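One structure below.
All heavy atoms count here, side chains included; hydrogens, waters and symmetry mates do not. What you are looking at is a predicted structure, and each value in this text was computed from that prediction instead of being measured.
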Amino acid sequence: MNAFGLNLHTAAVIIIPMLIISLSSSACAKCGENRFLPAEAAFAGILLHRILGSASLPDGIAAFSVTALSALLAGALIALAYIFIRRRAGAQKPLFVISATLFLSVILLGFTEESSKTALDNNTVLIIASALFIAISATLIFVRKLRLSMKAAGESCRSASDMGIKTERMTVAVAIIACAVSGAVGALACGAGAITAEKLMLMILIISAVSRERLVLSALLALCASFACAYIRIIEGADGNLAFTILTAVSAILMPRERKR
Amino acid sequence: MRKRPILALAIIILSALATLAAAYFISPESIDAAGINGLLSGMANLGILKTFLLSLLIPSLLSTLSFCVLSAAGSVNLAVLGEILAGYFAASRTLALLLPVAGDIAAVSVSLLAGAAAGAIFSLIPVIIKSILNINVTESGLLLSVSALFLSRYLLGNEGAGSAEGAALADSDITAICIAAAAALLFTLTAAMLLKGKTGVKWRVASLGRKESAIKGISFAKALFSSSAVSGALCGLAGGVILLGIGNSVASGATQSSAECSLIALAAAALAAFCPALSTALGLLLSALCFTAGMLLSSEAYGAIHIIIPALALLAFAVLNHCGRRIASGKGAKE
Amino acid sequence: MTASGLKDEKALALSAEGIYKQDKGRQTLRGASVMIHCGEIHALLGDSGSGKAALMRILAGADKPDSGKVAAGSKSGLISPEGGIGRLSVADNLRIYSGSGVGGNKLVKLAEKYAAGFGIELDFTARFSSLDSLDRLYVQLLGALASGARLLLFIKPLYGLAVQQAQELFETLYKLSKDNYAVFYSTDVARDALVYSDRCTVLYNGTDVKTFMSKEASLAEAEDAMLGKVAEAFPLRRPPKLGEPVYTAQNLFVAPQKGSYGVSNVSLMVYSGEIVGIASLDGNGGMEIIESLYGLKRLKSGRIFAEELEITGCNSAKIREAGIGMIPDVFGSQGSSAAVVDLLLSSASDSRRRLGKKAAKELTDGFLREFQPLIPLQANTPLSMLGSPEIKMLNLYGELQREPKMLLLHEPLRGLDWNNACRFAEKLIAARDHGNSAIVLSSNADMLLGLCDRIIVVSSGEITAQLDSELTDEDEIGAYMMGARRDRTV
């Protein structure tokens, strides 16, 4: 416990998964995809964790691996579905789908119960999450060609494909990987049980809203936001609601600017 | 182009039949038997149709129209939920202030106006954020809606169960009929403005972009502000009507009802590709479906149905979207 | 399809046979075939909408044909005026290319070597968006070369270049063809195709109709093949009947911004009944002049008058009321809810016409009588389904309904097919003969010579020359566009 009454160990269990989601959102934004996409996958992961948690699975790590794997798959599927829809419907439309799935997950959440079966040891969560975080950020930072190609695809699909980048293939791959990782991370964060599923979803929404193309900046913002969330989490009842009100309102003005095309 | 009115008419007839069937087969007694508590049992005395009208149908249709208005100007404002809640709170405060001093009708109409004003003001927040920070209206609208949801939870949580002025007022048939008539009038006016008037042309041209509208001598900012204000006012009004429909007595019902209405509205408007007539008809159908399902199911499933039906409709929209686009561009009839 | 046997001993770089392609419901290619040999510069000549760009992208492998066979003998690189990633630096743009085992910094080193070899001066740390049109092409060319491409495909390379720049580019390409590289490029100007190529294939309506050796063909022959039999004649200009000055701009200054020079000390006067051309390369201030005249750009100093009325600092709505209209080159329509009729009504509505179904139908029918858009349209067709030529024509038709005293046009004929371009020019010239006037901004000196009575050349934000279009030619305009100076006389 520190001066804020916040257990750093618990906070890390919340914050590191959030950082991973922020990285995924940022990667999606970089190659011109919707940055809320990983959030959606994470919602699916949380839901799956809840649903499988009430199913009759063996306890502990085994149950969790099943959950994580299915969350991974669900995330990838969501990315594929999204890309299919976007191709048919155009760029803006998927926002509807995102809001619909958001509402849907909140409702379905109401029908499932927290389960201790798939709960995970905080240390396990920390280790898995940190490993994932390091792997992803290292890839994004050190593979310059990937970064440049993503940026090129995000700016102008046509120019990028003229320059020999398989734009479509790359964006699909990035979206699928980002979503699969986010799905698994959603399940992981939910499994740690440091925060209720509803608040976790809200946090993920905020994190993906403030993330942007620039990795470091979005990671920093995500760090602040998740710290704030982790702190608010311990405020009970009505004051917690007020705090979340303020946090979402603030994140509404911290979102990235619209790019001129 | 010509298929659109026929489709709309068919949908309206269908939903009217569904609603009538629901109202015919289920008497207020059987509601209690079905175990619908909370939202509906508090007002079983109101008459099912009136409840349906005030707490679901009119607000949903008003919000649907608000989506249509804004889509003409080229944006999708997901702040609808926040606008409805703002309208609800403004109307409830005004009503509480005015009821002791003014007549019923005056108090109701003034509070509805206050609701509309609050909705309009709320809707301007994303636009202001856009004009200062250039942040996407849709995305900031979504977050602001969530913010408003938490704020209302905070406010309602502190307040607890309020007085039942609203519900009591709406108990008189005349109020309900007046509101329905006024809503219909408003509806026609707005649709006419969109489809026939110069304002509609201006808004649609503004949807091309800032520079493009300037080239045509149209102020982009003005168009964005005015369309947002009109759509926000419609949603605020919806919030006021919800207040009259469910009253202050069921505090948590306010957020639930608002969420239902905004989701139904989003689904209907999106599914009809933002054509006012068709999306109204679809809004009617969706509300009727939700309502009927609500009547027939247990309270737990009832809550879910309210969200799942429009959410599924939205997903269907996403998949079938190019049908919607065809209808919108008038190509469906030809091909 | 087969050319003379001159090049037969050279290896085939690429051959395509019977390519069909449908795009947005329109059949853009109907069985096009082409053969490109190593060591030749080969032009693809065709009118706008004949399917040149679609064919190029298919040859480059960036797009797939619906049917047909493409056999590439060597790696190809695609280069276009819109290519390149504006937000990245030149070096980063080069790093994106991949091929033959080189990547990253090695690619940049290789590109630097090529640049030195061809005498191309480039700042590799500069932002790509700050480069001029020619350098943008060079960056893409270097990227393609460094990644090992032996076949260089250019989409409209001459577009936006002054004559001198075009010559410089083709000198480089000629050197490349000597080194047995194959160069294939598209253009819609028959003369360019004949001057700058060894061989030329003509594309008409998605099919290759003719292939000939450029030296042996005549201009008329090439144009006939390119335009088909139903081509209209470009309208002839009669000498202008000048009236009172309708538009005066005095000492305009616009602050320079990222990637543009701004405007310094530009004064111009337009009389009723004349068309004035502004010749300026991209980013040299021409756009700023037009935009500041229309109130879209803030002036640092200077005054603007429409007849006697001062309109300095007015917004575009006020300026429109003074009888001025604008037809831009790029008019974004993506993601908007506007339809054809909205655009027409918003252009024409200043004349206090009643809005209604009847007016809308009248306007649309009138438009369809005057122009033949390549994409079929109705009153309620969403603008997002149209291309930029259609929108340009709609804008012109709508504006002319208002009978404006003056029109500001940016690249009016760019992207239009020949017949519609002729009609477009005809409308403008008819309006001029009626006593109205226009300012036309373009980098295409040839087009300006055909359309305008007087040409003002702007370079680096300053007026470098004022020329009578009867007494000047493309070379002279090009020289002034590149920055040469002369005393301002008309």
Side-chain angles (χ1 to χ4, degrees), chain B residues 1-2 4 67-76 136-138 192-224 227 269-270 272-276 322 324-335, chain C residues 25 290-291 294-297 314-322 324-350 352-357 359-360 376-386 391 395 398-399 402 404 408 410:
Chain B
M1 187 75 189
R2 239 171 249 154
R4 222 189 289 171
F67 271 113
C68 295
V69 166
L70 213 57
S71 88
S75 68
V76 180
N136 187 302
V137 186
T138 314
M193 179 176 79
L194 266 187
L195 296 176
K196 302 272 175 213
K198 246 179 195 176
T199 328
V201 175
K202 268 189 188 167
W203 287 352
R204 280 192 290 275
V205 171
S207 78
L208 288 165
R210 191 181 291 275
K211 195 173 164 191
E212 282 74 13
S213 50
I215 285 172
K216 292 287 159 208
I218 291 163
S219 160
F220 179 75
K222 238 189 237 169
L224 195 59
S227 58
F274 300 102
C275 153
H322 90 186
R325 201 160 25 164
R326 269 197 193 167
I327 294 171
S329 66
K331 286 210 156 177
K334 271 192 107 183
E335 284 162 14
Chain C
I290 291 281
E291 288 187 345
Y294 198 60
L296 299 178
K297 214 156 223 134
C314 288
N315 61 15
S316 54
K318 281 264 166 57
I319 291 178
R320 278 177 76 78
E321 274 172 31
I324 294 161
M326 182 173 182
I327 295 164
D329 181 29
V330 183
F331 196 82
S333 62
Q334 285 313 306
S336 84
S337 54
V340 164
V341 62
D342 295 316
L343 191 61
L344 286 174
L345 283 174
S346 68
S347 308
S349 66
D350 294 8
R352 296 209 174 70
R353 191 194 278 263
R354 284 267 318 141
L355 300 177
K357 263 211 172 111
L377 55 84
Q378 295 169 352
N380 57 356
T381 308
L383 289 183
S384 49
M385 289 172 71
L386 301 182
I391 289 179
N395 267 330
E399 291 294 335
R402 210 161 60 90
L408 303 165
H410 180 212

Closest heavy-atom contact between C:Ser337 and B:Ala73?
-> OG-N, 4.4 Å

At a heavy-atom separation under 4.5 Å, does C:Tyr294 approach chain B through its side chain, its backbone, both, or neither?
-> side chain

With sequence neighbours excluded, residues passing side-chain hydrogen bond (donor to acceptor under 3.5 Å, both in side chains) with B:Lys222 = none

Between the OG atom in B:Ser207 and the CG atom in C:Asp342, the distance rounded to the nearest 0.5 Å is 8.0 Å

Would you check if the side chain of B:Glu212 reaches a backbone N or O of C:Gly332 as a donor-acceptor pair within less than 3.5 Å?
-> yes

From B:Arg204 atom CZ to C:Leu345 atom CG, the distance as rounded to the nearest 0.5 Å = 9.0 Å

Roughly how far apart are B:Ile218 CD1 and C:Ser316 OG, rounded to 0.5 Å?
-> 9.0 Å

Residue pair C:Ala317 / B:Gly217: nearest heavy atoms and the distance that separates them | CB-O, 3.4 Å

Could you tell me whether the side chain of C:Leu383 reaches within less than 4.5 Å of the side chain of B:Leu208, counting heavy atoms only?
-> yes

When rounded to the nearest 0.5 angstrom, what distance separates CD in C:Glu291 from NZ in B:Lys211?
-> 4.0 Å

One option among B:Ser219, B:Gly200, B:Ala214, B:Gly74 has the most heavy-atom pairs under 4.5 Å with chain C, and it is B:Ala214

The interface call for C:Ile319 against chain B, heavy-atom contacts under 4.5 Å, is neither

Without hydrogens or angle criteria, can the side chains of C:Ser346 and B:Lys202 be said to hold a donor-acceptor pair below 3.5 Å?
-> no

To the nearest 0.5 Å, atom CD of C:Glu399 lies from atom CD1 of B:Ile215 at 9.5 Å

